[in-house]
J.: 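Structure in structure tokens, see below.
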Amino acid sequence: MIEVIHSDHAPQALGPYSQALKVGGFIFCSGQIPINPETNTIEATTIEDQTRQSISNLRNVLEAAGSSLSNVVKTTVFIKDMNDFAALNGVYAEMFGDTKPARSCVEVARLPKDVKVEIECIAAASGL
């Protein structure tokens, strides 16, 4: 059974996709960009603030599914400029704490709304 996950505390999908799907004990979150869900705008300008907002959006989607960042098992990070990698890592480590999910990070030519970062994840639906 596939359950569609939706949070009003995360940006609405920009296209024909779901914020997340819960399937077989896992939550598959679509990529989150640094849109502030309260204003539906991109307010963050630095890689640090954009990373923080993107992960906050993921956290809110996971919480709507009954999970949390501590249950994330895999992330994929899309970054506009690999020169921002160290700064992104600092915020990433701060927000995930002791949780160290498997991760891929790739530099891309362009992201939606010309943001600096997009992050997607897979999480366990309940505690690991």
J.: Indicate, with yes or no, if Leu21 and Val73 share a hydrophobic cluster defined by side-chain heavy-atom contacts under 4.5 Å among Ile, Leu, Val, Met, Phe, Trp and Tyr.
T.: yes
J.: Could you pull out all residues at least two apart from Ser67 that satisfy side chain to side chain donor-acceptor pair (under 3.5 Å)?
T.: Asn71
J.: List in chain and number order the residues that pass side chain to side chain donor-acceptor pair (under 3.5 Å) with Glu3, two or more places apart in sequence or in another chain; answer none if no residue qualifies.
T.: none
J.: Over all heavy atoms of both residues, which pair between Val72 and Cys121 is shortest? Give the atoms and the distance, please.
T.: CG1-CB, 3.9 Å
J.: Tell me every residue that passes side chain to side chain donor-acceptor pair (under 3.5 Å) with Lys113, counting only those two or more places apart in sequence or in another chain.
T.: none
J.: Membership question, hydrophobic clusters at under 4.5 Å side-chain separation (ILVMFWY): are Leu58 and Leu88 in the same one?
T.: yes
J.: When rounded to the nearest 0.5 angstrom, what distance separates SG in Cys29 from CG in Leu62?
T.: 4.0 Å
J.: Quick one: list whatever passes side-chain contact (heavy atoms from CB on, under 4.5 Å) with Glu118, sequence neighbours left out.
T.: Ile33, Phe78, Leu111, Pro112
J.: Verify the cluster assignment for Val115 and Leu14: are they in a single hydrophobic cluster under the rule of side-chain heavy atoms below 4.5 Å apart?
T.: yes
J.: Roughly how far apart are Ile55 CD1 and Asn60 CG, rounded to 0.5 Å?
T.: 12.0 Å
J.: Main chain of Ser68, side chain of Glu63: is a donor-acceptor contact present, judged purely on distance under 3.5 Å?
T.: no
J.: Supply the atom-to-atom distance Arg59 CZ to Ser7 OG, rounded to the nearest 0.5 angstrom.
T.: 10.5 Å
J.: Let me check something: do Ile79 and Phe96 share a hydrophobic cluster, defined by ILVMFWY side-chain heavy atoms less than 4.5 Å apart, either directly or through other members?
T.: yes
J.: For Ala87 versus Glu48, what's the shortest heavy-atom pair and its separation?
T.: CB-OE2, 3.3 Å
J.: Using the side chain to side chain donor-acceptor pair (under 3.5 Å) criterion, which residues pair with Gln53? Sequence neighbours excluded.
T.: Asn57
J.: Kindly write out the residues that satisfy salt bridge (charged side-chain N to carboxylate O under 4.0 Å, His left out) with Asp114, not counting sequence neighbours, or none if the list is empty.
T.: Arg110
J.: How long is the straight-line distance from NZ of Lys22 back to CE of Met1, given to the nearest 0.5 Å?
T.: 9.5 Å
J.: Once side-chain contact (heavy atoms from CB on, under 4.5 Å) is applied, do any residues pair with Ala65, and if so which ones, sequence neighbours excluded?
T.: Ile5, Ile27
J.: Can you find a heavy atom in the side chain of Ile122 that is under 4.5 Å from one in the side chain of Glu120?
T.: no
J.: What's the verdict on side chain to side chain contact (heavy atoms under 4.5 Å, CB included) for Glu38 and His9, showing C-alpha distance, side-chain angles and the deciding distance?
T.: CA-CA 7 Å; Glu38 293 178 13; His9 301 290; over 6 Å; no
J.: Testing the 3.5 Å rule here: is there a donor-acceptor pair between the side chains of Lys74 and Ser104?
T.: yes
J.: Answer yes if Met82 and Ile47 sit in the same cluster of Ile, Leu, Val, Met, Phe, Trp and Tyr residues linked by side chain heavy atoms under 4.5 Å apart, and no otherwise.
T.: yes
J.: Starting at OG of Ser56, measure out to CD1 of Ile35 and round the result to the nearest 0.5 Å.
T.: 13.5 Å
J.: Show every side-chain hydrogen bond (donor to acceptor under 3.5 Å, both in side chains) that has at least one partner inside residues 28-37, sequence neighbours left out.
T.: Asn36-Glu43
J.: Please identify each residue that fulfils side-chain contact (heavy atoms from CB on, under 4.5 Å) with Thr45, with sequence neighbours left out.
T.: none
J.: Any side-chain hydrogen bond (donor to acceptor under 3.5 Å, both in side chains) involving residues 90-102? Give me the pairs, sequence neighbours left out, ordered by first then second residue.
T.: Arg52-Glu94, Thr75-Tyr92
J.: Would you mind listing every salt bridge (charged side-chain N to carboxylate O under 4.0 Å, His left out) that reaches into residues 79-91, with sequence neighbours excluded?
T.: none
J.: According to the ring-ring contact (aromatic ring centres under 6.0 Å, His included) rule, which pairs have a member within residues 12-32, sequence neighbours left out?
T.: none
